[in-house]
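Okay, so here's the structure we're looking at.
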Amino acid sequence: MCLAVPGKVISINEGEPIMRTGRVSFGGVIREINLACVPEVKVDDYVLAHVGVAISVVDPKEAERVFQYLKEIENLSNSEE
Amino acid sequence: MLKFLDEYQDAKVARQYAEAIKAITIHPWTIMEICGGQTHAIVKYGLDELLPKEITLLHGPGCPVCVTPLELIEKAIEIALRPNVIFCSFGDMLRVPGSKIDLLTVRARGGDVRIVYSPLDAVKIAHANPSRETVFFAVGFETTAPANAMAIFQAKQQGLQNFSMLVSHVLVPPAVEAILNAKENRVEGFLAAGHVCTIMGFTEYEPLVQKYHVPIVVTGFEPIDILQGIYMCVRQLENGEAKIENQYSRSVSREGNRPAQKLIRDVFEIIPRKWRGIGQIPNSGLGLREEYAAFNAELRFGIADHQIPEPPECISGRILQGIKKPYECPAFGTKCNPEHPLGATMVSSEGACAAYHRYRRLPPREKESLLKEK
Ligand code: SF4
């Protein structure tokens, strides 16, 4: 029920802050998403959308951390051996 | 290929994380994932079967569909049966059994029950149908609250007289505390729900971590996210630590989403809520503020408080608290199945009973193959 899907912002319709929307592509499927809660968003950013509303802008640097973390712990265990 | 999604389903990385968890696990630990979306992923991909046998995963109360009390389902049905009403809901709610029928039956009997993708769509429907009443069934956790608040806000701004909401909003931290306080509690560490924390941040969990000396790791929903979250949690447990860690940093910050929080605060206030199977939990829900009473469907349709007992054989409340597993329910797969659910945890695809019913019959290999080989 809390499912939120990442999608790429293709265009933004500026307007009243609470009505601000954008066209967001979810792997090619395009939907109109409300952007009122992510005022910092720019075209080409990725947002997480939940029931028609963007709830966050995906941080691309942090997105890498899951994989870096794995390398870190692998190095750690190798150095202990 | 969906960016920021597919790479978190990589089979090789999943195995590496599983190995890493094995390498640090010495003692037996019981960890609860709070969110139903995580339960679904764990059972679907067989992630629990990749873990060392010392680790037990318990499935938490994180499915709003599952915890919506019977009374509210009955109220929804009662409103949807009225002739001039367009009743809008997320699809999941339609098959949740009331005491006699469900919303799907109301539709089969001619009721205008519509599935919408967003509460904002319900506002559009109200706008397009000025002579009829449009009601939205607002269920959800903190994740969904900004969208529902925004629907109310937009309806007010547009001066809509024919839009209202049946609100069944629940909050996660009070439920976590209720689980920790339960006499039979076995949970030693939590994976907190990444999207709830996307909205709220995780400051609310900091006092819980201290008070109960329990590690909490804010965790995402993809297989790799969940395995990393488990790794972080086990590492804390093995080291005797209890702190809050953030696995889902690509979406969650400590403070959360401020504009979304403001929207929630403007429209909703914190109230006590009853959880299906668990009972009343103080400060665990959201209700519309006084200023928005005109949009409160319960007031608009004057529905008195229903008190309805839950089916006695359903132990979903104990499952939601991690005390029992679905297969320990005598009705599981026999009297109760997804076609004829007795309890809500069998209805929603995120409910533990439904997830076990759907995926637990697959051999482990087939589940693992759902992960993506590169
Ligand atoms: S199997 Fe059915 S009856 Fe048993 S706890 Fe789950 S939902 Fe309730």
Side-chain angles (χ1 to χ4, degrees), chain A residues 1-9 15-21 24-29 31-41 44-78 80-81, chain B residues 1-5 7-8 13 16-17 20 23-24 35-37 62-66 90 92 116-121 139-144 146-148 150 153-154 157 193-196 198-199 220-221 224-225 228 231-232 235 247-253 257-260 263 348 350:
Chain A
M1 156 100 230
C2 288
L3 183 74
V5 197
K8 186 175 182 174
V9 178
E16 257 185 285
I18 196 85
M19 303 294 279
R20 189 166 176 253
T21 62
V24 177
S25 166
F26 301 95
V29 180
R31 268 188 187 277
E32 171 144 328
I33 297 294
N34 184 295
L35 301 176
C37 293
V38 287
E40 73 278 25
V41 77
D44 287 344
D45 282 348
Y46 280 78
V47 292
L48 272 183
H50 171 70
V51 300
V53 173
I55 56 171
S56 71
V57 180
V58 181
D59 183 329
K61 267 209 221 90
E62 292 292 321
E64 270 299 308
R65 265 195 38 189
V66 179
F67 306 99
Q68 280 162 12
Y69 189 88
L70 191 58
K71 287 203 192 91
E72 281 165 32
I73 55 182
E74 276 175 353
N75 290 341
L76 207 72
S77 61
N78 288 343
E80 275 170 14
E81 273 163 21
Chain B
M1 163 106 188
L2 262 176
K3 198 170 169 203
F4 298 127
L5 195 63
E7 59 267 49
Y8 299 100
V13 180
Q16 286 170 328
Y17 262 115
I24 58 165
C35 176
C63 164
V65 178
C66 304
F90 297 130
D92 278 10
V116 291
Y117 161 70
S118 165
L120 304 178
D121 295 340
V139 298
F141 281 125
E142 290 91 328
T143 316
T144 317
N148 287 338
M150 202 175 312
F153 208 82
Q154 290 187 358
Q157 212 177 26
H195 291 145
V196 168
T198 296
I199 304 294
F221 297 82
I224 308 296
D225 290 322
Q228 188 190 7
Y231 178 90
M232 293 166 115
R235 195 183 51 180
Q247 182 277 327
Y248 201 41
S249 57
R250 64 183 183 278
S251 177
V252 175
S253 67
N257 184 324
R258 286 275 167 76
L263 206 54
S348 158
E350 294 182 358

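Numbered from 1 within each chain, the chains take letters A, B, ... in sequence-line order. Any value given below was found using the heavy atoms of this structure, including those in side chains, with hydrogens, waters and symmetry copies removed. Since we're looking at a predicted model, the values are computed, not measured.
A distance of 8.0 Å separates CG of A:Asn34 from OG of B:Ser118, quoted to the nearest 0.5 Å. Here the CD1 atom belonging to A:Ile73 is positioned 7.5 Å from the CD1 atom belonging to B:Ile24, to the nearest 0.5 angstrom.
Of all non-hydrogen atoms in A:Gly52 and B:Leu120, the two that sit nearest each other are O-CD1, 4.4 Å. The minimum heavy-atom distance between A:Pro6 and B:Phe4, with the atom names listed, is CG-O, 3.6 Å. Across all non-hydrogen atoms, the minimal contact from B:Pro259 to A:Pro39 is CG-CD, 3.9 Å. Here the closest heavy-atom approach between residue B:Tyr117 and residue A:Arg31 is recorded as CD2-NH1, 3.2 Å. Contact detail for B:Thr143 and A:His50: the closest heavy-atom pair is O-CD2, 3.3 Å. A:Ile55 approaches B:Thr198 most closely through the heavy-atom pair O-CG2, 3.5 Å.
Contacts between B:Val139 and chain A at a heavy-atom distance below 4.5 Å involve backbone atoms as well as side-chain atoms. Only the side chain of B:Gln157 comes within contact range of chain A, judged by heavy atoms closer than 4.5 Å. In this structure, the portions of B:Gln16 lying under 4.5 Å from any heavy atom of chain A include both its backbone and its side chain. Looking at B:Ala20, the atoms closer than 4.5 Å to chain A (heavy atoms on both sides) all sit in the side chain, from C-beta outward. Looking at B:Arg258, there are no atoms closer than 4.5 Å to chain A (heavy atoms on both sides), in backbone or side chain.
Residues A:Phe67 and B:Tyr17 keep their aromatic ring centres 6.0 Å or farther apart.
At a threshold of 4.5 Å between non-hydrogen side-chain atoms, the residues A:Val51 and B:Pro119 count as touching.
Taking a 6.0 Å sphere around CZ of B:Phe153, one finds it holds 12 or fewer heavy atoms contributed by other residues, nucleotides or ligands.
Most heavy-atom pairs under 4.5 Å with chain A: of the set B:Val13, B:Ile224, B:Asp92, this distinction falls to B:Val13.
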Go through the steps for A:Val66 and B:Arg250 under the test side chain to side chain contact (heavy atoms under 4.5 Å, CB included), then give the verdict.
-> CA-CA 9 Å; A:Val66 179; B:Arg250 64 183 183 278; 4.1 Å; yes
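Remark: A:Tyr69 pairs with B:Tyr231 by the ring pair (Phe, Tyr, Trp, His ring centres under 6.0 Å) rule, at least two apart or across chains. Under the side-chain contact (heavy atoms from CB on, under 4.5 Å) criterion, A:Leu3 pairs with A:Val5, sequence neighbours left out.
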